[in-house]
Amino acid sequence: MHALRACGSVFAEDEAALLVEAAAGDPMRLSELLGRRVTGIPLEQLLGWAEFAGLRVGVEPGVFVPRRRTELLAELAIAACSPDAVIVDMCCGSGAIGAAVLAAVPTARLWASDVTAASVRCARRNLGDRATVVQGDLFAALPGTLRGGIDILAVNAPYVPSASIARMPPEARLHEPHSALDGGLDGLDVHRRVAADAGTWLRSGATLLIEASAEQAPASAALFEAEGFATLIASDDSRDATVVVARRSAEGGPS
């Protein structure tokens, strides 16, 4: 625990307990895990899982670690989800959002997609045969049969401005895929692409949810409003969480 405190861990006691659990009584294994943690390897990668919405979601090197703030997006998706809803977890990473939705609404029909092979492999392990997980760039990953039929689109797109990545904690900056972090000059490049194409993929009355920072959210919402969506911004200060909620009218046109 002293080593964890010395390397700057804010939750040294909690981390130490989790590493002891992961070592399963093997002192050599514990020493190895501790040594790797103090060099900056993310705790979740050492454990092989991250806690998200009450679940232990499997993670691995090269896969974005789900954040507690993203639980708000998952909760909003669950609230909008009917028993037979078609939901897409886009930029799915480990598949954490999809896993949380299926835990609450097991009959939902889930698709998950990501651009990296490591994320797709990890999401398939977490979601199993409960979902279809595909690799590709945003909507290009999805089959044409989903066009116009998606009820809920949940997107945890990269939204860190390019120049800010250098100031991120080393756990993210050095150990997570760049494609999961870099949102371009203002952080909203992927938001623009999602907004431009979402209308043709969503069913009338559908809900789109996309995470952003509190500062970016008004600009992100404006992107979706320009494409005919009605928007609101949901937030939870306790988790530093902000989600843009965009909805299509029941007629399928501007709301």
Side-chain angles (χ1 to χ4, degrees), residues 64 66-67 69-82 85-93 96-98 100-101 108 110-115 136-142 144 146-162 164 179-237 239-255:
F64 182 79
R67 304 329 195 225
R69 67 170 66 94
T70 307
E71 291 175 351
L72 175 62
L73 195 158
E75 290 163 5
L76 292 169
I78 291 166
C81 197
S82 64
V86 175
I87 178 167
V88 173
D89 178 1
M90 184 172 282
C91 306
C92 69
I97 294 169
V101 170
L110 176 69
W111 288 74
S113 68
D114 201 281
V115 73
D137 185 25
L138 302 181
F139 295 100
L142 304 178
L146 283 181
R147 191 180 294 272
I150 298 172
D151 296 298
I152 302 168
L153 179 61
V155 190
N156 189 17
Y159 59 87
V160 180
S162 301
S164 298
S179 61
L181 304 174
D182 192 348
L185 185 64
D186 64 353
L188 297 178
D189 280 1
V190 182
H191 286 228
R192 291 184 179 88
R193 296 177 57 207
V194 172
D197 293 336
T200 63
W201 287 88
L202 298 183
R203 192 189 306 275
S204 60
T207 299
L208 184 152
L209 305 158
I210 189 164
E211 187 172 286
S213 70
E215 295 76 17
Q216 293 167 321
S220 177
L223 295 173
F224 291 94
E225 290 166 3
E227 297 295 336
F229 288 85
T231 69
L232 59 87
I233 297 171
S235 61
D236 179 350
D237 292 342
R239 290 180 285 195
D240 189 27
T242 305
V243 176
V244 175
V245 181
R247 292 192 174 95
R248 296 195 73 199
S249 73
E251 292 75 30
S255 298

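Please read all numbers here as calculations on a predicted model, not as lab measurements.
- Not counting sequence neighbours, the partners of Arg239 by the salt bridge (charged side-chain N to carboxylate O under 4.0 Å, His left out) test are Glu71, Glu75, Asp236.
- Applying the side chain to side chain donor-acceptor pair (under 3.5 Å) rule to Ser220 yields the partners His191; only residues at least two apart in sequence or on another chain are considered.
- Ile97 places none of its side-chain heavy atoms less than 4.5 Å from the side chain of Cys92.
- For the side chain to side chain contact (heavy atoms under 4.5 Å, CB included) test with Val245, the passing option among Leu73, Ile210, Leu232 is Leu232; the others fail.
- Closest heavy-atom contact between Ile233 and Pro218: CD1-N, 3.8 Å.
- In this structure Asp186 satisfies the salt bridge (charged side-chain N to carboxylate O under 4.0 Å, His left out) test together with Arg192, sequence neighbours excluded.
- For Trp201, the ring-ring contact (aromatic ring centres under 6.0 Å, His included) partners two or more places apart in sequence, or in a different chain, are Phe139.
- Under the side chain to side chain donor-acceptor pair (under 3.5 Å) criterion, Asp89 pairs with no residue at all, not counting sequence neighbours.
- Legend: residues meeting side chain to side chain contact (heavy atoms under 4.5 Å, CB included) with Ala195, ordered by chain and number and at least two apart, are Leu223, Phe224, Glu227.
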Would you list the atom pairs, donor with acceptor, under 3.5 Å between side chains in residues 148-162 and any protein atom, with sequence neighbours excluded?
| unit_1 | atom_1 | unit_2 | atom_2 | d |
| --- | --- | --- | --- | --- |
| Asp151 | OD1 | Arg203 | NE | 2.9 |
| Asp151 | OD2 | Val86 | N | 2.8 |
| Tyr159 | OH | Glu211 | OE2 | 2.7 |
| Ser162 | OG | Asp182 | OD1 | 2.6 |
| Ser162 | OG | Asp182 | OD2 | 3.4 |
| Ser162 | OG | Gly184 | O | 3.3 |

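- In this structure a side-chain-to-backbone donor-acceptor pair under 3.5 Å is present from Ser213 to Gln216.
- Residues Arg248 and Phe229 meet the side-chain proximity criterion, which asks for heavy atoms closer than 4.5 Å.
- The two residues Asp189 and Leu185 make their nearest non-hydrogen contact at OD2-N, 4.3 Å.
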| field | Chi angles and distances behind the side-chain contact (heavy atoms from CB on, under 4.5 Å) call for Thr242, Glu215 | value | CA-CA 9 Å; Thr242 305; Glu215 295 76 17; over 6 Å; no
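- Proximity of Leu110 to Val101: side-chain heavy atoms (C-beta onward) are nowhere separated by under 4.5 Å.
- Exactly one residue among Val88, Leu202, Thr231 makes a side chain to side chain contact (heavy atoms under 4.5 Å, CB included) with Leu208. That residue is Leu202.
- In this structure, Asp197 and Leu138 have side chains that are not in contact, with every pair of non-hydrogen atoms separated by 4.5 Å or more.
- The heavy-atom pair separating Ala217 from Val244 by the smallest distance is O-CG2, 3.8 Å.
- Annotation: side chain to side chain donor-acceptor pair (under 3.5 Å) contacts of Ser179 (sequence neighbours excluded): none.
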